[in-house]
Number of protein chains: 2
Amino acid sequence: MASHGARGRSGGRPTLEEVAARAGVGRGTVSRVINGSPRVSDATRAAVEAAVAELGYVPNTAARALAANRTDAIALVVPEPETRFFAEPYFSDMLKGVGAELSETEMQLLLIFAGSDRERRRLAQYLAAHRVDGVLLVSVHADDPLPDLLSQLDIPAVISGPRSAGETLPSVDSDNYGGARQAVEHLLSRGRRRVAHITGRLDVYGAQRRIDGYRDALSDAGHGVDEALIEQGDFSEEGGSRAMAALLERRPDLDAVFAASDVTAAGARQALREAGRRIPDDVALVGYDDSAIARHLDPPLTSVRQPIEEMGRRMIDLLLTEVADRRPLASRGLDRRQVVLATELVPRSSS
Amino acid sequence: MASHGARGRSGGRPTLEEVAARAGVGRGTVSRVINGSPRVSDATRAAVEAAVAELGYVPNTAARALAANRTDAIALVVPEPETRFFAEPYFSDMLKGVGAELSETEMQLLLIFAGSDRERRRLAQYLAAHRVDGVLLVSVHADDPLPDLLSQLDIPAVISGPRSAGETLPSVDSDNYGGARQAVEHLLSRGRRRVAHITGRLDVYGAQRRIDGYRDALSDAGHGVDEALIEQGDFSEEGGSRAMAALLERRPDLDAVFAASDVTAAGARQALREAGRRIPDDVALVGYDDSAIARHLDPPLTSVRQPIEEMGRRMIDLLLTEVADRRPLASRGLDRRQVVLATELVPRSSS
DNA sequence: ATCACTGGTGGGAGCGCTCCCACAGTACCT
DNA sequence: AGGTACTGTGGGAGCGCTCCCACCAGTGAT
């Protein structure tokens with residue numbers, strides 16, 4: 001191609017100015033073509049595009065960022081150690097959705113881990129420098145200072161899972177309430193009557209909603225809610241087995257358990273085994289997340305699937321809208337800033 | 001702190017100019033302090049640092065990138081689909097080393113997947129825009145056009161694993177030759193005499209080196225090399241079991257197998273089982289990589305560990321040297337541009 | 001005393017864009 | 001004919017830095 005010869009002539013990479021000269025137009029016009037402005041005649045556009053191709057012109061991102069005060073990059077912030085990121089399919093699925101949606105755009109995705117204090121300080125510095133146009137926040141705990149920092153810096157952010165019913169940040173979540181209902185209704189439909197619940201960490205809003213769903217599913221089916229059948233867990237395996245042991249002690253006649261996560265269910269399974277209960281014969285078990293662990297458990301675990309990839313997609317949609325809204329002369333975007341996606345029960349042999 | 005008030009006064013974020021005014025010095029001096037130049041008196045430095053702290057000044061990366069023609073970012077390019085990235089511990093270990101080493105610097109790490117054609121085209125565009133100062137290339141095949149593209153664009157790059165003995169790019173590799181020797185010598189020391197080898201993909205240089213190590217270990221121990229004990233694999237599980245089947249057919253009396261990867265070994269194990277051979281009683285098995293699969297295989301697999309995290313570290317070292325070398329008035333860095341790290345045999349019950 | 005230097009400093013020029021104002025041209029009204 | 005309202009276009013100004021040259025003291029050699 002001509003690109004190399006032409007590029008060589010001027011020394012470095014071709015600039016807007018050079019493209020303009022070659023196309024016989026002004027700098028502003030080239031800029032308009034590059035940025036897809038409609039206010040350019042077809043003939044001019046064609047001439048500019050030809051010049052761009054001939055010179056192998058690629059816009060200088062730094063110059064653009066400086067002049068336009070934007071970076072065309074967004075960050076996916078994972079406030080966890082990398083280990084968890086690689087261990088849990090949640091993150092890779094999310095990343096897949098995010099990447100897919102983002103590849104439609106010119107935006108660049110940055111993956112940032114902020115598990116340690118040190119990494120968090122680095123991140124704060126990074127955000128203060130406004131090196132990204134927006135932030136995707138996954139797996140945020142109720143007391144995390146990150147969201148506040150972001151709004152202080154006026155950086156658009158979208159959160160996966162609201163921190164409370166009054167969440168101010170845009171968020172994308174799955175229907176924790178509905179998912180819990182599905183799980184419990186499923187167990188009831190299989191003839192189970194004493195359905196226990198091992199909760200997640202109570203400072204996670206989604207865990208609260210799952211409890212609500214559990215309660216309402218029982219009430220609406222005409223069963224009372226036995227508080228002694230609810231035991232607190234923390235999403236971990238140990239928490240699950242500890243909670244299960246407590247439940248068995250209190251209500252040895254329980255015949256089903258809805259655990260707030262698959263990992264919790266794995267812990268519960270362990271405790272049930274040790275107590276000599278068979279799954280599902282004596283006790284039916286349902287988890288949440290439909291992660292790899294659900295499929296590989298023995299017996300395979302019935303679980304509530306969240307559409308994580310889709311959640312990633314929607315988060316990007318929301319974030320891009322937020323980002324666009326802060327740009328000059330943007331029309332206000334959609335007002336549905338809290339998205340909730342449906343869950344799906346995946347029945348397996350544990351129930 | 002005073003930072004917010006001060007920042008609010010001028011409207012946006014403070015600039016170099018404002019810091020200079022506040023400290024009662026010139027713009028150049030502030031720049032020197034920010035960039036750690038030694039040619040600043042202690043008193044001035046202190047004054048500037050105070051002003052920076054008071055105003056909460058954070059340099060504008062875009063302006064810096066534009067003026068200095070650098071980005072302070074490097075990319076880790078993974079020419080594989082994301083799925084493999086998450087599935088293989090190789091990548092997460094590498095990422096850990098890279099991240100650790102990079103956190104000592106101001107450099108930003110970008111993770112870029114280039115598994116599909118589409119992603120590759122996007123990457124090419126990205127590199128053409130010189131959006132990174134350097135590139136880390138992992139898992140590159142012999143015929144990959146990426147290295148050439150990079151040298152064409154004059155972007156520093158470091159490769160993990162040379163493509164041939166005459167590799168021109170700086171590279172960091174583990175001692176494939178030595179690792180293979182360790183494996184074979186281990187098997188010989190356990191009294192095995194008919195040691196087979198299932199190779200990796202022959203277009204991967206490291207696989208070639210492992211074959212060399214296998215041959216030399218046998219020769220040096222005074223055993224001949226029986227070509228019929230070498231069978232080509234491709235690093236995959238299917239390849240492993242196919243190769244194993246072929247070997248068993250040809251040399252039913254073999255008593256040990258050195259496989260070019262753990263995954264290959266898993267395939268070989270399957271074929272051995274199906275042929276009714278016990279591991280390690282009838283046939284000893286050694287893999288390569290010491291990945292998670294090695295620990296979880298039944299029986300646990302003896303394997304050759306590569307110091308992957310360390311490799312990540314060293315790749316960053318090399319790359320940063322390369323990057324620094326292209327900057328004005330840099331002293332030429334080290335000339336050891338091909339690093340080879342030692343491997344370690346991890347004995348388990350499969351041998 | 002004059003003449004190099006040398007460590008320390010100020011500030012102009014310029015990096016390559018975007019934004020926006022000015023203006024030419026055409027079209028359609030009064 | 002003059003106004004008004006567009007569409008399309010050129011180019012100045014300016015984004016916030018780095019680079020580098022000019023300059024100013026002090027210091028020691030001549």
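Within every chain, numbering begins at 1; the chains are lettered A, B, ... in the order of the sequence lines, protein sequences first and strands thereafter.
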> Residues two or more places apart in sequence or in another chain: which of them pass side-chain contact (heavy atoms from CB on, under 4.5 Å) with A:Ala62?
Replying inline: A:Asn60, B:Ala65, B:Leu66

> So how far off straight is the helix from C:dA1-D:dT30 to C:dT30-D:dA1, going by the axes through five pairs at either end, to 10°?
Replying inline: 50°

> Among pairs that include at least one residue of residues 91-131 of chain B, which meet ring-ring contact (aromatic ring centres under 6.0 Å, His included), considering only residues two or more places apart or in two chains?
Replying inline: B:Phe85-B:Phe91, B:Phe85-B:Phe113

>> Tell me every residue that passes side-chain hydrogen bond (donor to acceptor under 3.5 Å, both in side chains) with B:Ser92, counting only those two or more places apart in sequence or in another chain.
In response: none

> Which salt bridge (Lys or Arg N to Asp or Glu O under 4.0 Å) pairs, counting each pair once, include a residue from residues 133-157 of chain B, with sequence neighbours left out?
Replying inline: B:Arg120-B:Asp144, B:Asp133-B:Arg327, B:Asp154-B:Arg326

Collect all protein-nucleotide pairs involving nucleotides 12-14 of chain D in which both atoms are nitrogen or oxygen and the distance is under 3.5 Å.
from: D:dG12; atom 1: N7; to: A:Arg27; atom 2: NH2; distance (Å): 3.2
from: D:dG12; atom 1: O6; to: A:Arg27; atom 2: NH2; distance (Å): 2.8
from: D:dA13; atom 1: N6; to: A:Arg27; atom 2: NH2; distance (Å): 2.8

> Who are the side-chain contact (heavy atoms from CB on, under 4.5 Å) partners of B:Ala51, not counting sequence neighbours?
Replying inline: B:Val19, B:Arg22, B:Ala23

>> I'd like to check the side-chain hydrogen bond (donor to acceptor under 3.5 Å, both in side chains) partners of A:Ser41; sequence neighbours left out, ordered by chain and number.
In response: A:Thr44

>> What residues from residues 30-49 of chain A pass a heavy-atom cutoff of under 4.0 Å to DNA chain D?
In response: A:Arg32, A:Arg39, A:Val40, A:Ser41, A:Thr44

>> Among residues at least two apart in sequence or on other chains, which ones pass side-chain hydrogen bond (donor to acceptor under 3.5 Å, both in side chains) with B:Asp93?
In response: none

> Listed by chain and number, what are the side-chain hydrogen bond (donor to acceptor under 3.5 Å, both in side chains) partners of A:Thr61, not counting sequence neighbours?
Replying inline: none

> What residues, two or more places apart in sequence or in another chain, satisfy side-chain contact (heavy atoms from CB on, under 4.5 Å) together with B:Glu17?
Replying inline: B:Thr15, B:Arg27

